[in-house]
Amino acid sequence: DAGVTQSPTHLIKTRGQQVTLRCSPKSGHDTVSWYQQALGQGPQFIFQYYEEEERQRGNFPDRFSGHQFPNYSSELNVNALLLGDSALYLCASSRGQGRTEAFFGQGTRLTVV
Amino acid sequence: AQKVTQAQTEISVVEKEDVTLDCVYETRDTTYYLFWYKQPPSGELVFLIRRNSFDEQNEISGRYSWNFQKSTSSFNFTITASQVVDSAVYFCALSEAGDNYGQNFVFGPGTRLSVLP
């Protein structure tokens, strides 16, 4: 049973460009959340998708957007990249509502130069 | 507002020593959930434990134990007889009950644990 998978693992982009990160949730999971983890810090919640809709959003600008597909996989898009967007982006999946534990992927390391 | 504090930035111990990682949280909700995650160098966050606010029983799982005290808003994590493989960054996290669609965690800044042979 595959866990949460994220692609790509590493990415280098230039300031001002756009990037798309992908996440496939653990089998049986229908809720996907995205987190940004800057170096040396704890993950920060970006947003969460359930039933193909954004259900909650953290304190991130509109440059950060996402999508969830009918198969529950998800994309995170970041437009007009800034140097400060350099971070590890983590995807977490869980099963529906309730406080079950979330399973995290290994993340995508984004470097903006 | 939710907040999680992990005052210990880095801890180094020698193998077989016991070590306690501290976590203090702030929330206005009466129903909430607390978690501990381990992050090895590979980057993936590994779930260790979940505790709801109504269950103050301490828990032991092998070499791991957790002490939850609502009176002091603390949820500390102890590793007994530490091993080199325990070296990682450990995060404490909080999720409030108003989060109806699953995990919207507030993470602490993490504690980097180094277990030396």
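Residue numbering restarts at 1 for every chain, and letters A, B, ... go by the order of the sequence lines.
- Here the side chains of A:L88 and B:Q39 are in contact, with some heavy-atom distance below 4.5 Å.
- Atom CG of A:L83 has more than 12 heavy atoms from other residues, nucleotides or ligands within 6.0 Å.
- A:F103 places none of its side-chain heavy atoms less than 4.5 Å from the side chain of B:E44.
- The distance between the ring centers of A:F104 and B:F47 does not fall below 6.0 angstrom.
- Looking at heavy atoms from C-beta onward, B:S42 lies in side-chain contact with A:Q106 at the 4.5 angstrom threshold.
- Although no hydrogens or angles enter the test, the distance criterion places a donor-acceptor pair under 3.5 Å between the side chain of A:Y35 and the main chain of B:F105.
- With a 4.5 angstrom heavy-atom cutoff, A:Q44 does not touch chain B via any of its atoms.
- When side chains are defined from C-beta on, B:F107 does not count as touching A:F45, because their heavy atoms never get closer than 4.5 Å.
- Within a 6.0 Å radius of CG in A:L82, more than 12 heavy atoms belonging to other residues, nucleotides or ligands are found.
- Sparse packing is recorded around CZ of A:R15, with 12 or fewer heavy atoms of other residues, nucleotides or ligands lying under 6.0 Å away.
- Within the structure, salt bridge (charged side-chain N to carboxylate O under 4.0 Å, His left out) pairs that include any residue of residues 104-113 of chain A do not occur (at least two apart or interchain).
- Of all the listed residues (A:G107, A:G58, A:G105), the one sharing the greatest number of non-hydrogen pairs under 4.5 Å with chain B is A:G105.
- Between A:L90 and B:G43, the shortest heavy-atom distance links the atoms CD2-O, 3.8 Å.
- Remark: A:F47 CZ is packed, more than 12 non-hydrogen atoms of other residues, nucleotides or ligands lying under 6.0 Å away.
- The local environment of NZ in B:K16 is sparse, with at most 12 non-hydrogen atoms from other residues, nucleotides or ligands closer than 6.0 Å.
- Within 6.0 Å of the CG atom in A:N71, the count of heavy atoms belonging to other residues, nucleotides or ligands exceeds 12.
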